[in-house]
Trainee: 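Please find one structure pasted underneath; my questions will follow.
Whatever order the structure lists them in is the order used to number ligands and atoms, beginning at 1.
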Amino acid sequence: MAVSGMGGKPEMKNKNQTRWNIDTECIHGGSEPDPTFGALAPAIFQTSTFVFRTPEEGAARFAGVDPGYIYTRMGNPTIAALEESVAALEEGTSALATASGMAAISTVFFALLSTGDHVVSSASVYGPSRVLLERDFSRFGIQASMVDTSDTEILRAAVTDRTRVIFVETPANPTLAITDLAKAAEIAHEAGALLVVDNTFMSPILQKPFRFGADIVLHSVTKFLNGHSDVVGGILVFQDEELMKRVRGVRHYLGGTMDPHQAWMVHRGVKTLAMRVRTAQENAGALAELLAHHPAVEWVRYPGLPGHPQADLIARQMAGPGSLISFELKGGVEAGRKVLGSVELPALAVSLGGVESLIQHPASMTHATVKHQDRLAAGITDGLVRLAVGCEDREDLIADLRQALDALG
Ligand code: LCS
């Protein structure tokens, strides 16, 4: 990280392109030995504010003439290092880290939508993203159509002359329905709207939404990017600097900025992103196979299983099927509860993308706030179980899930 004088902002080395292959980029992006002591690991600038050497310098920073730091809600070198790293991984030019994934989502909606505007969103987005639109943004006269964006014709038909944003999560949480990003971008741009993609489930290792025309890519970094189930955070990534500045102004005043220590933790997590994502994905492939062949299982959804109806799209858009599996047991909700209680390795907890495997029941947990009929319409059946596969030993995971399924009799 090149630092230009006290409080100077780091320079972006990788404008719109990565210098290295992605595994190397994870380890080195946004990190350079510090110029003072040569520490390999970046320093944590745990400060709320930055000292100006002269009144003129302070005035120049507020006027935007001097790019140095002012106050951590508006920017901080430790947060900037993470932003630089994730921007490069997503092939963006800049990023804005936020206090949580929901802070990223609410900030972007607040920045892009005004009274009378309309949003089209995937019906099976993460529950709170949907509730935020339907319960909260509706109070300001912003309409939302929650549709099956994995069907391009349904998506096209939902767009009106007031549509300003198309917001998709692909694969969706937890139905794993896949939306064609190139088509969604085309539909958004024809309507004069922006395509915002929640790329949390794939991470930049497995999907690069900007390549398909996305305007903003966001993450709950709580998941894969941090990867250790110990930090909540979010990030927004841009290729258009004007758009970034519009959203940045809103982040600064809404106040959902990330904390420096949080940023440092996430940046450390990013270093092992590629290897974690691949290990979890290999484990998930094996568990999906087990589920697909087990007599107690009614159905299993996993983008990597043979014969997937969207196999062509998956091959075009995703570098791999990821590590989320959803399934339903023949014994329905009751059997699901038994499995949730009898697996030893996957912890019974919401969230995903950590090294630990987690299992949960969306209808009563992550999507409990979504109305029952809306949940069913979105494909989140009452018996659906979501398994977020981690990085434990594959044979241990297989043996554990097998004993839980076999015990159903
Ligand atoms: N986007 C997706 C796809 C998510 O899965 C989540 C959280 C968020 C955004 C929100 O991020 P946060 O504010 O929590 O950092 N997903 C959760 C889940 O599936 N279980 O618990 C949280």
Trainee: Fit a plane to each ring of His28 and Trp20, take the angle between them on a 0 to 90° scale, and name the class: parallel (under 30°), tilted (30 to 60°) or perpendicular (over 60°).
Mentor: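 His28 vs Trp20 ring planes: tilted.
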
Trainee: Against heavy atoms of Ser351, which atoms of ligand 1 measure under 4.0 Å?
Mentor: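 Selected atoms, number and element: 18 (C), 20 (N), 21 (O).
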
Trainee: Can you confirm whether or not the ring centre of Phe45 sits under 6.0 Å from the ring centre of Tyr69?
Mentor: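 Here the rings of Tyr69 and Phe45 have centres that are no less than 6.0 Å from each other.
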
Trainee: What atoms of ligand 1 come closer than 4.0 angstrom to any heavy atom of Ile105?
Mentor: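 Close to Ile105: 9 (C).
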
Trainee: Among all protein heavy atoms, pick out the one at the shortest distance from atom 7 (C) of ligand 1; state its residue, atom name and that distance to 0.1 Å.
Mentor: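 Going by distance alone, atom 7 (C) of ligand 1 is nearest to Lys223 NZ, 3.2 Å.
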
Trainee: For the pair His261 and Trp264, name the ring-plane relationship: parallel under 30°, tilted 30 to 60°, perpendicular over 60°.
Mentor: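 The arrangement is parallel - the two ring planes meet at less than 30°.
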
Trainee: Give the numbers and elements of all ligand 1 atoms closer than 4.0 Å to a heavy atom of Arg386.
Mentor: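 Answer, ordered by atom number: 18 (C), 19 (O), 20 (N).
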
Trainee: Looking at Asp400 and Glu344, would you say the former's side chain and the latter's main chain have a donor-acceptor pair under 3.5 Å?
Mentor: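 Side chain of Asp400 to backbone of Glu344, a donor-acceptor pair under 3.5 Å: yes, one is there.
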
Trainee: Starting from atom 8 (C) of ligand 1, which protein heavy atom do you reach first, and at what distance in Å?
Mentor: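 Answer for atom 8 (C) of ligand 1: Tyr126 CD2, 3.4 Å.
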
Trainee: Purely on distance, is any nitrogen or oxygen of Thr366 under 3.5 Å from one on ligand 1?
Mentor: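 No, there is no polar N/O contact under 3.5 Å.
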
Trainee: Tell me, yes or no, whether the heavy-atom count around Arg268 atom CZ, taken from other residues, nucleotides or ligands under 6.0 Å, exceeds 12.
Mentor: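 Count not over threshold, so no.
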
Trainee: To check your reading of the model: name the closest protein heavy atom to atom 13 (O) of ligand 1, its residue, and the distance in Å.
Mentor: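 That would be Met102 N, 2.9 Å.
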
Trainee: Looking only at protein heavy atoms, which one is nearest to atom 15 (O) of ligand 1, and how far off is it?
Mentor: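 For this ligand atom, the closest protein heavy atom is Thr222 OG1, 2.6 Å.
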
Trainee: Do me a favour and list the nearest non-hydrogen protein atom to atom 2 (C) of ligand 1 with residue, atom name and distance?
Mentor: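 Scanning the protein heavy atoms, the shortest distance from atom 2 (C) of ligand 1 goes to Asp198 OD2, 3.4 Å.
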
Trainee: Decide, yes or no, whether a salt bridge links Glu153 with Arg156 under the criterion of side-chain N to carboxylate O below 4.0 Å.
Mentor: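 Salt bridge between Glu153 and Arg156, a charged N being under 4.0 Å from a carboxylate O: yes.
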
Trainee: For the NZ atom on Lys371, are there more than 12 heavy atoms of other groups (residues, nucleotides or ligands in this structure) within a distance under 6.0 Å?
Mentor: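 No, because the 6.0 Å sphere around NZ of Lys371 holds 12 heavy atoms or fewer from other groups.
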
Trainee: Any nitrogen or oxygen of Gly101, side chain or backbone, less than 3.5 Å from one on ligand 1?
Mentor: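 Yes: some nitrogen or oxygen of Gly101 is under 3.5 Å from one in ligand 1.
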
Trainee: Short list, please: which atoms of ligand 1 are under 4.0 Å from a heavy atom of Asn173?
Mentor: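 Every atom of ligand 1 under 4.0 Å from some heavy atom of Asn173: 4 (C), 5 (O), 19 (O).
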
Trainee: Test of understanding: given a 4.0 Å heavy-atom threshold, classify the contact between Glu169 and ligand 1 as side chain, backbone, both, or neither.
Mentor: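 Side chain only.
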
Trainee: Taking only heavy atoms of Gly233, which atoms of ligand 1 are found under 4.0 Å from at least one of them?
Mentor: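 Listed by number with element, the hits are 15 (O).
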
Trainee: Tell me whether Met365 reaches ligand 1 (any heavy atom closer than 4.0 angstrom to a ligand atom).
Mentor: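 It does not, in that no heavy atom of Met365 comes within the 4.0 Å cut-off of ligand 1.
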
Trainee: Which one holds for Val125 and ligand 1: side chain close, backbone close, both close, or neither close, with close meaning a heavy atom under 4.0 Å?
Mentor: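 Neither; nothing of Val125 gets under 4.0 Å from ligand 1.
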
Trainee: Going by atom types alone, do Thr179 and Thr149 pair a side-chain donor with an acceptor below 3.5 Å?
Mentor: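 Yes, side-chain donor-acceptor contact under 3.5 Å.
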
Trainee: Under 4.0 Å from ligand 1, counting heavy atoms only, is it the side chain of Leu352, its backbone, both or neither?
Mentor: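 It is the side chain that touches ligand 1; the backbone stays farther off.
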
Trainee: Select one of side chain, backbone, both or neither to describe which atoms of His367 lie under 4.0 Å from any atom of ligand 1, heavy atoms only.
Mentor: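 Neither; nothing of His367 gets under 4.0 Å from ligand 1.
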
Trainee: Decide whether Thr200 and Glu169 meet the rule of one side-chain donor and one side-chain acceptor closer than 3.5 Å.
Mentor: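 No.
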
Trainee: Examine the side chains of Thr366 and Gln360 and answer whether a donor and an acceptor come within less than 3.5 Å of each other.
Mentor: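 The criterion, which ignores hydrogens and geometry beyond distance, is satisfied for Gln360 and Thr366.
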
